[in-house]
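This report refers to the structure that appears directly beneath it.
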Number of protein chains: 2
Amino acid sequence: MESSSAPSGGSTRREATRQKLYEAAVTLIAEQGFSATTVDEIAERAGVAKGTVYYNFASKSVLFEELLRHGVELLTASLREAAERTERDGGTKVDALDAMIRAGLVFIDRYPSFTQLYVAELWRTNRAWQSTLMVVRQQAVAVVEGVLREGVKKGEFSEEIDVPLTASALVGMVLVAALDWKSFQPERSLDDVHSALSRLLQGRVSGGR
Amino acid sequence: MESSSAPSGGSTRREATRQKLYEAAVTLIAEQGFSATTVDEIAERAGVAKGTVYYNFASKSVLFEELLRHGVELLTASLREAAERTERDGGTKVDALDAMIRAGLVFIDRYPSFTQLYVAELWRTNRAWQSTLMVVRQQAVAVVEGVLREGVKKGEFSEEIDVPLTASALVGMVLVAALDWKSFQPERSLDDVHSALSRLLQGRVSGGR
DNA sequence: ACTTTTGCACTGACCAGTCAGTTCAAAATG
DNA sequence: CATTTTGAACTGACTGGTCAGTGCAAAAGT
């Protein structure tokens, strides 16, 4: 008995099933929305019986909620890593923002469905997972805000900038540009998109040539 | 739309009920999503019998589709008007972009639910109204792209900018900043938000003081 | 007169969640 | 060994409820 008091690493069968369910749910919900996606569909795409879904998750919304948390934590870690790497390499705060834009693009490139689904749910009110969503969102945006604030302190950015609003605007810029990229010109390279956004960030838009 | 005052043309009784149905549907769908919103709820909030919904619209999705089209057409008209007004007043293309940012903010300020619902649906695939959505979206973005292109021609913007991508990024900037504004700091004034975005647009972020 | 709205009962499809039963590999037993 | 036992993981038919859409006779506008 006690077959799997296993090493918490997550190499259990159960963990593998959960992973398959996440992957199935993410694409289906991104395509159709939460309510329009049935548990039967998720189970079928994951190659698993419906009961298994309920063995692994308390309900359809709990499955979704854990999916959201998992995904945003991935993004936050990636942004933080980009900021810290730039710091270590002695880059400016603009360099850090630029590195974070790239990290954002890389994330969206890798998980377009997740991003799409996240955007669709972020500003909804009256939903079960609203608070969860809020918390993880704030973690991610806080990384950007942190860099902006340090930049102001160092005198690299104007003292007049509105940190939270500027952070939102930057996130929006990357989010929408990337989603449009993936939806309408998926053949373009990441570098290409990145350089266009860099240019915009550094105000090299106006000013001829 | 949501808190419209305008009689907007048709003075028939029918037109008034349709308007009430639009208003009810917009807020409910923004809160809960399309599938989670029932026709009974919409009818109840509009203060109308369920049969009336089906007397006025062929189906739930048709109601939604017409709502989408109607809303985006409003926005497009508003953007176009802002650009043309700047043109007449002899403003630069940067002034035109700035005026359009303001027009966008005014729109979102007036119709937050619509905006929210629109964002939630825009990048979804496999849905009935996808093509409708695509067409109207392109009309709106095309206005921004037009101004950018003219700015390049006049030498006001760099020839190296990527017009469609820059337009997307600008739209995203305004969209996300405004939705965050409405969600988390609704007490702030429009002018305040507008000036923060202007600053970002004109690259007055980096460069101290 | 004619258009529009109401109220309400009804149908048939669809779906979240349940539960009694199955599988199987590891642990206990002899 | 060989066997029995255990329990976590999984299965899929079934249930109870929900909801889009229908039908229609009577009432209310205009």
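Reminder, nothing fancy here: chain letters follow the sequence lines and each chain counts from 1. Computation of the quantities below employed the complete heavy-atom set of this structure, encompassing side-chain atoms and omitting hydrogens, waters and symmetry-equivalent molecules.
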Exercise. Work out how much the helix from C:dA1-D:dT30 to C:dG30-D:dC1 bends between its end axes, five pairs an end, to the nearest 10 degrees.
Key: 20°
Exercise. Return no unless some side-chain N or O of B:R13 is found under 4.0 Å from OP1 or OP2 of D:dG29.
Key: no
Quiz item: Under a 4.0 Å N-O cut-off, is there an ion pair linking B:E145 with B:R149?
Solution: yes
Quiz item: Without hydrogens or angle criteria, can the side chains of B:Q32 and B:T37 be said to hold a donor-acceptor pair below 3.5 Å?
Solution: yes
Can you tabulate the close N/O pairs, meaning under 3.5 Å, that link protein atoms to atoms of nucleotides 11-15 of chain C?
none

Quiz prompt | Aromatic ring pairing A:Y22/A:F57, orientation class (parallel under 30°, perpendicular over 60°, tilted between) | solution = tilted
Practice problem: Look at B:E81 together with B:R85 and state whether they make a salt bridge at an N to O cut-off of under 4.0 Å. | Solution: yes
Quiz item: Within 45° of the axis and under 6.0 Å from the centre of the six-membered ring of A:F34, does NZ or CZ of A:K60 qualify?
Solution: yes
Self-check item: A:R124/B:E31 ion pair, N-O < 4.0 Å
Solution: no
Exercise. Could you tell me whether A:V48 contacts a base, only the sugar-phosphate backbone, or nothing, with contacts defined as non-hydrogen atoms closer than 4.0 Å?
Key: sugar-phosphate
Quiz item: Just to confirm, is there a sub-4.0 Å distance from OP1 or OP2 of C:dT5 to any side-chain nitrogen or oxygen of B:T17?
Solution: yes
Self-check item: A:D162 and B:R199 ion-paired at < 4.0 Å
Solution: no
Exercise. Using a cut-off of strictly less than 4.0 Å, decide whether A:N56 has a side-chain nitrogen or oxygen near OP1 or OP2 of D:dA8.
Key: no
Quiz prompt | Nucleotide C:dT4, atom P - distance to NZ of B:K20 in whole Å | solution = 15 Å
Self-check item: C:dT4 phosphate, OP1 or OP2, under 4.0 Å from B:Y55 side-chain N/O
Solution: yes
